[in-house]
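First the structure, in the form of C-alpha cells, and then the observations on it.
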Amino acid sequence: MKIHCGNRTLDLSTPQVMGILNTTPDSFSDGGSYYAGGGLDLDLVLQRAEQMVRDGAAILDVGGESTRPGAESVTEEEELARVVPVVEAISQRLDVVISVDTSTASVIRESAAVGAGLINDVRALTRPGALEAAAATDLPVCLMHMQGQPGTMQSNPEYTDVVAEVRAYLDQRLQACIDAGIARERVIYDPGFGFGKNDEHNLALLRNLTQLAPDGVPLLVGMSRKSMIGRLLDRNVDERLPGSLALAMLSAQRGAHIIRVHDVAATADVLKMRQLVDCA
Ligand code: YH5
C-alpha cells in the first residue's frame with residue numbers, strides 16, 4: 001500500500017514511524033520544549049527533527065495545540081505562529097513527510113502552502129472550514145476518533161460497543177470527506193487511543209485493530225507515553241518507553257501502518273527486528 005503525500009510517496013507495505021514534534025510551550029510528555037527567551041527556537045526544533053529523520057522517522061508530526069485535559073486553548077494566530085514556520089523550515093532542509101497535527105482551516109491551508117505532506121486532525125475535520133481546506137490541498141488526511149472534547153473527554157467515557165462505535169464514526173467521517181471531494185485513497189483512520197477512552201476501551205480497540213478500517217484504508221495509531229500505559233503499568237511519563245515499545249510491536253502485528261511515537265530510534269529498532277524475523 002502506497003500513499004501520495006504531496007511531492008513524496010509513503011510506502012506503507014511495512015509499518016512506518018511518525019515522530020512527534022510538539023511546538024507547544026507546555027509540552028511535558030516529550031521531555032522538552034523548544035522555547036527559549038520568549039519565542040520558538042527554530043534551530044532547536046530543526047536539530048530534533050533532523051535527529052528523528054536519522055533515527056528512522058518517515059513522517060514528522062508537527063503540532064501547535066495541546067489536547068491534554070487542562071491545557072490552555074490556543075488561538076488561531078498562535079497556532080499559525082507555532083506551526084507554519086516549523087513546517088517551512090523542515091520542508092526546506094529535510095527529506096521527510098511533514099504531517100500537521102491541526103483542526104484549524106487556516107493552519108491546514110498555510111501549512112500545505114509551505115510543504116506539509118499530510119493533515120492529521122484529532123477532530124476528524126469537523127471544525128468549520130476544515131473539510132474544505134483539507135480537500136483543496138490534495139494531501140492525505142488522518143481522521144481520528146474522539147469522544148467528547150479534550151478538556152473533559154476522560155471524565156467518564158462510555159460505549160456500548162467501542163469497536164463498532166469508533167468504526168461507525170470513522171466511516172461517517174470518510175463519507176463526509178468523499179462528499180467534500182477527498183478521494184478515499186487519501187484517507188487514513190485512527191481510533192484515537194486515550195481520546196475519550198478508558199483502559200478497557202483502549203485495550204479492546206487494540207485487540208480488534210483490524211476491524212477498525214476497511215480494506216485499503218491505512219491505520220495510524222498513537223499510544224506512545226500515554227496515560228493508559230501509566231495506569232496499566234503504574235509508570236510515570238518518563239518510565240513509559242518499554243510499555244510504548246510493546247504497544248508499537250503489538251500494533252504492527254495487528255496491522256497498523258503508521259505508528260506515532262516520541263522515541264523514534266527505539267521504535268525503529270523494534271519494527272526492524274519484527275521485519276527481520278517475520279517478513280524475510
Ligand atoms: C493520536 O493518538 N495523539 S496528542 C498524553 C501523553 C502522551 C502523549 C500523558 N495527537 C494522537 O500524543 N494524533 C495526539 O502523556 C494525535 N493520533 C493522532 N492521529 C496526545 C499525545 C499524548 C498525550
Side-chain angles (χ1 to χ4, degrees), residues 3 5 16-24 26-33 59-71 73-74 79 82-83 97-104 107-108 116-126 130 134 139-151 153-154 166 169-170 173 187-199 201-202 205-206 209 212-213 217-241 243-245 247-248 251 256-264 267:
I3 194 158
C5 304
Q16 299 295 325
V17 176
M18 170 188 267
I20 301 171
L21 205 53
N22 257 315
T23 61
T24 56
D26 65 337
S27 191
F28 73 114
S29 57
D30 59 352
S33 127
I59 311 165
L60 298 181
D61 191 39
V62 178
E65 182 207 10
S66 175
T67 48
R68 76 184 155 80
S73 68
V74 65
E79 199 192 344
R82 288 177 189 173
V83 170
V97 172
I98 306 164
S99 159
V100 184
D101 196 341
T102 189
S103 304
T104 311
V107 178
I108 293 172
L118 196 158
I119 309 301
N120 171 30
D121 186 2
V122 299
R123 295 178 183 83
L125 304 176
T126 54
L139 299 176
V141 298
C142 177
L143 305 173
M144 199 196 77
H145 173 273
M146 166 161 48
Q147 183 183 85
Q149 298 301 315
M153 64 191 178
Q154 289 305 101
V166 167
Y169 174 80
L170 293 172
R173 295 309 300 159
V187 174
I188 299 167
Y189 275 19
D190 183 339
F193 289 98
F195 284 84
K197 282 120 192 153
N198 65 27
D199 296 341
H201 299 142
N202 288 320
L205 289 168
L206 180 54
L209 203 61
L212 284 164
V217 173
L219 268 166
L220 188 156
V221 299
M223 290 181 276
S224 179
R225 298 188 192 174
K226 281 188 180 175
S227 304
M228 62 180 285
I229 301 171
R231 289 186 299 265
L232 291 165
L233 302 179
D234 188 21
R235 294 288 181 256
N236 298 318
V237 70
D238 61 341
E239 303 168 336
R240 296 178 190 167
L241 179 58
S244 300
L245 295 177
L247 292 173
S251 6
H257 298 88
I258 301 172
I259 306 181
R260 183 181 178 276
V261 302
H262 302 87
D263 304 281
V264 171
T267 307

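All values reported here derive from a predicted model rather than from experimental measurement. All ligand and atom numbering here is 1-based and tracks the order in the structure.
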Q) Under the 3.5 angstrom rule, does the side chain of Asp121 hit a backbone N or O of Leu143 as a donor-acceptor pair? A) no
Q. Considering only heavy atoms of Met144, which atoms of ligand 1 have at least one such atom less than 4.0 Å away?
A. 1 (C), 17 (N), 18 (C)
Q | Backbone N/O of Val166 and side chain of His145: donor-acceptor pair under 3.5 Å | A | no
(Q) I need the contact type for Val122 against ligand 1. Using non-hydrogen atoms and a strict under-4.0 Å cut-off, is it side chain, backbone, both or neither? (A) side chain
Q) Is a side-chain N or O of Gln154 found less than 3.5 angstrom from the main chain of Lys197, in a donor-acceptor match? A) yes
Q | Arg123 versus Met146, closest heavy-atom pair with distance | A | CG-CE, 3.7 Å
Q: Examine ligand 1 and decide if any of its atoms is less than 4.0 Å from a heavy atom belonging to Ser224.
A: yes
(Q) Looking at Arg225, is its backbone amide N or carbonyl O close enough to the side chain of Ser244 to form a donor-acceptor pair, meaning the two atoms are under 3.5 Å apart? (A) yes
Q: Go through ligand 1 atom by atom and flag the ones less than 4.0 Å from a non-hydrogen atom of Gly222.
A: 2 (O)
Q. How would you list, by chain and number, every residue that makes a salt bridge (charged side-chain N to carboxylate O under 4.0 Å, His left out) with Asp101, sequence neighbours excluded?
A. Arg260
**Q.** Donor-acceptor under 3.5 Å (Asn236 side chain, Glu239 main chain)
**A.** no
Q. Near Leu220, which atoms of ligand 1 are under 4.0 Å from a heavy atom of that residue?
A. 19 (N)
**Q.** Met223 near ligand 1 by a heavy-atom separation under 4.0 Å
**A.** no
Q) With a 4.0 Å heavy-atom cut-off (strictly under), which part of Arg240 contacts ligand 1: side chain, backbone, both or neither? A) side chain
Q. Would you say Tyr189's side chain and Leu212's backbone share a donor-acceptor pair under 3.5 angstrom?
A. no
Q: Using a strict cut-off of 4.0 Å, indicate which atoms of ligand 1 neighbour a heavy atom of His262.
A: 8 (C)
Q) Should we say atom CG of Asp238 is surrounded by more than 12 heavy atoms from elsewhere, each under 6.0 Å from it? A) yes
Q: Provide the number and element of each atom of ligand 1 under 4.0 Å from a heavy atom of Lys226.
A: 1 (C), 2 (O), 3 (N), 6 (C), 7 (C), 8 (C), 11 (C), 12 (O), 15 (O), 20 (C), 21 (C), 22 (C)
(Q) Out of all atoms in ligand 1, which are within 4.0 Å of some heavy atom of Asn120? Include the element for each. (A) 13 (N), 18 (C), 19 (N)
Q) Counting heavy atoms only, which part of Asp61 comes closer than 4.0 Å to ligand 1: side chain, backbone, both or neither? A) neither
Q: State if Ser227 counts as touching ligand 1 under the rule of any non-hydrogen atom under 4.0 Å.
A: yes
(Q) Please list, in number order, the atoms of ligand 1 under 4.0 Å from a heavy atom of Thr67. (A) 4 (S)
